[in-house]
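Proteins get letters first, then strands, A, B, ... in listed order; numbering begins at 1 in each. Treat the numbers as computed from the prediction; the structure is a model and nothing was measured.
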Amino acid sequence: MNGSNRIEPKTLKGFRDYLPEAMIPREWLIDTARRVYRSYGFSPIDTPALEYLEILTGKGSEETDKQLYKFQDHGGRWVGMRFDLTVPLARFAAQHIAQLGTPFKRYHIASVWRGENTQRGRYREFMQCDFDTIGTHALAADIETTLVIHDLFQALQIRDFTIKVNNRLVLTGMLELFGLAEKATPILRALDKLAKIGREKVAAEMVAAAGATPEQADRVLQLSEISGTNDQVLSQLGQLVEGREKAQAGVAKLADLVSAVLAAGIENERVRITPSIARGLDYYTGTVFETFLDKLPGIGSVCSGGRYDNLAGLYTKEELPGIGASLGLDRLLAALEELQLVQKVGTPAAVFIPFFDANRLHDYLRLAAQIRAVGVGVEFYPEPKKLGQQLKYADRRGFRLAVIAGENEFAASTCQIKDLATAQSTTVPLADVPKAIVEQLQR
RNA sequence: GUGGUUGUAGCUCAGUUGGUUAGAGCACCAGAUUGUGGAUCUGGGGGUCGCCGGUUCAAGUCCGGUCAGCCACCCCA
């Protein structure tokens with residue numbers, strides 16, 4: 001119209017840019033998860049963002065099919081973007097497990113895509129931080145998974161969290177007793193919403209969507225409403241499952257898991273047996289987890305997972321049992337922000353060096369290098385602007401220290417180290433700068 | 001995908017029943033202050049009112065569509 005053919009800069013619905021203030025805590029979270037996973041011997045893997053469509057739709061519920069980004073590539077192949085990290089893991093395991101051997105422990109931190117409608121904290125591109133142990137039925141893996149979740153939140157400096165744990169065997173065993181075995185999936189999906197929508201609505205959904213009778217729904221809800229300390233829950237469950245082999249096995253596993261986790265040093269009641277935890281996904285067959293922040297229960301589970309008997313059945317005859325969990329990165333980040341546990345900074349470096357004396361470029365560069373050599377990040381301002389402006393820049397970005405040296409300081413072979421939060425500065429000999437900075441930052 | 005709701009400067013918003021050159025605060029840039037930031041004062045830059053179309057002498061304001069955000073359903077991380 002007016003001759004302007006500039007393209008409007010914008011991001012796709014459900015896709016986001018991350019500015020430094022958002023990306024710095026994000027990377028911190030990812031780094032922390034990575035460190036904890038690695039400390040238990042989980043190894044990193046990655047897989048392609050695109051897979052053959054048939055790989056992704058293999059076990060396709062209609063719901064995931066609807067959310068799947070799919071298209072034909074330039075060679076006419078039908079391809080899709082991964083919508084979680086579990087399906088790629090299944091394909092990966094089927095393809096490579098012979099070389100890797102079992103048990104195989106991996107972590108996978110990567111973006112996934114779902115073309116569903118957006119909402120706060122729910123996007124079309126988001127990141128998952130999964131870890132899984134595959135190729136073993138041993139309860140020790142379930143126990144270790146619990147410990148990893150615990151250590152993860154500990155490392156994130158979150159104090160008030162609860163890992164709720166249950167075992168699908170208890171639920172499915174009892175559903176058999178109630179005559180609901182074939183309706184297990186919709187029943188459990190309804191049960192999964194108990195905390196969110198309440199007893200009445202769950203019962204209604206069990207009747208409407210799963211075809212249970214009101215009496216059956218009531219029995220399931222009674223089971224799920226058992227609460228108390230772990231010992232109390234275990235003893236009540238124990239009575240209820242009397243004579244039901246499968247459910248009994250589930251209760252026994254819960255008891256073993258809790259006692260092992262206590263023996264490993266986790267605080268009592270940090271892990272709570274919660275019979276209502278079901279998880280919507282139908283591939284879980286044993287232990288299931290959900291992790292809640294005590295101060296923000298409304299936000300939902302921030303780390304969930306469970307045990308499955310046969311991960312890769314679609315792709316291989318080999319039976320691969322496993323257990324794992326996934327950290328909900330975006331949800332947790334939103335929670336941390338709400339709890340004010342992330343501080344907003346616009347720089348990853350701690351030290352700022354203003355370009356003060358236009359003739360001393362080489363000296364500044366050398367000074368910066370010496371500070372970096374002791375492991376401290378340094379940003380050097382590129383233009384010899386007025387000092388006040390440079391300090392204003394440093395202040396806004398959130399640097400902790402400024403190392404200021406001009407003509408006078410260089411003449412005396414010294415410089416000022418200024419704490420930008422307190423405005424106090426000290427003069428130190430140039431040769432001692434790296435050491436002095438490390439000391440100041442440790443305070 | 002369905003329903004509801006919102007959309008004016010980088011951010012938060014104002015803008016009378018449609019009526020001239022669309023405002024404020026914060027932020028940004030410059031100066032007051034040619035070696036010391038977060039305060040103050042002065043000046044400055046920045047908007048085709050999300051986009052497209054319609055009604056009208058006249059549209060930021062009314063209507064339709066579209067895109068995007070938020071909320072609910074669905075499902076989940």
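Rounded to whole angstrom, the span from the CG atom of Asp330(A) across to the P atom of C76(B) amounts to 18 Å. Rounded to whole Å, atom P of A77(B) lies 15 Å from atom CG of Leu332(A). Regarding Glu125(A), its CD atom lies at a distance of 17 Å from the C1' atom of C76(B), rounded to whole Å. In this entry the distance linking CZ of Phe292(A) with C1' of C76(B) reads 13 Å, nearest Å. The interatomic distance linking Lys385(A) (NZ) with C28(B) (C1') rounds to 11 Å, in whole Å. Here C76(B) presents its P atom at 12 Å from CG of Asp84(A), a figure rounded to the nearest Å. Gln67(A) places its CD atom 11 Å from the P atom of C75(B), with the value rounded to the nearest Å. Atom CG in Leu191(A) sits roughly 14 Å away from atom P in C75(B) (whole-Å rounding).
The side chain to side chain contact (heavy atoms under 4.5 Å, CB included) search around Asp84(A) returns Thr86(A), Val87(A), Pro88(A), Arg114(A), Gln128(A), not counting sequence neighbours. By the ring pair (Phe, Tyr, Trp, His ring centres under 6.0 Å) test, His137(A) pairs with no residue at all, sequence neighbours left out. Not counting sequence neighbours, Asn310(A) has no partner by the side chain to side chain donor-acceptor pair (under 3.5 Å) test. The ring pair (Phe, Tyr, Trp, His ring centres under 6.0 Å) test applied to Phe178(A) returns no partner, not counting sequence neighbours.
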Pairing pattern in dot-bracket form [Watson-Crick, G-U; both distances under 3.5 Å; | = partner strand] for RNA chain B: (((((((..((((.....[...)))).(((((.......))))).....(((((..]....))))))))))))....

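Separating the P atom of U56(B) from that of G18(B) is a span of 16 Å, rounded to the nearest Å. Distance check on atom P: G54(B) versus G44(B) gives 39 Å, rounded to whole Å. G60(B) sits 10 Å from A22(B) when the P atoms are compared, rounded to a whole Å. Of the P atoms belonging to U12(B) and C76(B), the separation is 33 Å, rounded to the nearest Å. Nucleotides U55(B) and U42(B) are separated by 47 Å at their C1' atoms, to the nearest Å. U5(B) and A9(B): their C1' atoms are spaced 24 Å apart (whole Å). Comparing the same atom, P, in C74(B) and in A68(B) gives a spacing of 24 Å after rounding to whole Å. Across U61(B) and G53(B), the matching P atoms stand 14 Å from one another, rounded to whole Å.
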Check: residues 409-417 of chain A side-chain donor-acceptor pairs under 3.5 Å, at least two apart:
| unit_1 | atom_1 | unit_2 | atom_2 | d |
| --- | --- | --- | --- | --- |
| Glu409(A) | OE1 | Gly406(A) | N | 3.0 |
| Glu409(A) | OE2 | Gln416(A) | NE2 | 2.9 |

Per-pair distances, 0.1 Å, donor-acceptor, side chain in residues 345-359 of chain A, under 3.5 Å, sequence neighbours excluded:
| unit_1 | atom_1 | unit_2 | atom_2 | d |
| --- | --- | --- | --- | --- |
| Thr347(A) | OG1 | Ala349(A) | N | 3.0 |
| Asp357(A) | OD1 | Asn359(A) | N | 3.0 |

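Residue pairs meeting the salt bridge (charged side-chain N to carboxylate O under 4.0 Å, His left out) criterion with at least one partner in residues 19-40 of chain A, sequence neighbours excluded, are Arg26(A)-Asp330(A), Asp31(A)-Arg34(A). Identified under the salt bridge (charged side-chain N to carboxylate O under 4.0 Å, His left out) test for residues 144-156 of chain A, with sequence neighbours left out: Lys105(A)-Glu144(A). The stretch residues 359-379 of chain A participates, sequence neighbours left out, in these salt bridge (charged side-chain N to carboxylate O under 4.0 Å, His left out) pairs: Arg360(A)-Asp363(A), Asp363(A)-Arg366(A).
Phosphate contact (OP1/OP2 of C28(B), side-chain N/O of Arg396(A), threshold under 4.0 Å): present.
Formation of a donor-acceptor pair under 3.5 Å by the Tyr393(A) side chain with backbone atoms of Tyr381(A) is not found in this model.
Here Arg307(A) pairs with Asp142(A) in a salt bridge; the nearest charged N to carboxylate O distance falls below 4.0 Å. Electrostatic pairing of Arg122(A) and Glu116(A) counts as a salt bridge here, judged by a charged N lying under 4.0 Å from a carboxylate O.
Aromatic ring pairs are classed by plane angle as parallel below 30°, tilted from 30° to 60° and perpendicular above 60°; the pair His150(A) and Phe161(A) is tilted.
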Footprint string (nucleotides 65-73 of chain B, 5' to 3'): B base within contact, S backbone only, - free, heavy atoms under 4.0 Å: ---SSSSBB

Whether each nucleotide of nucleotides 32-39 of chain B has a protein heavy atom under 4.0 Å at its base (B), only at its sugar-phosphate (S) or at neither (-) is summarised, 5' to 3', as ---BBBB-

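Across all strands shown, Gln128(A) has heavy atoms under 4.0 Å from sugar-phosphate atoms exclusively, and none from any base.
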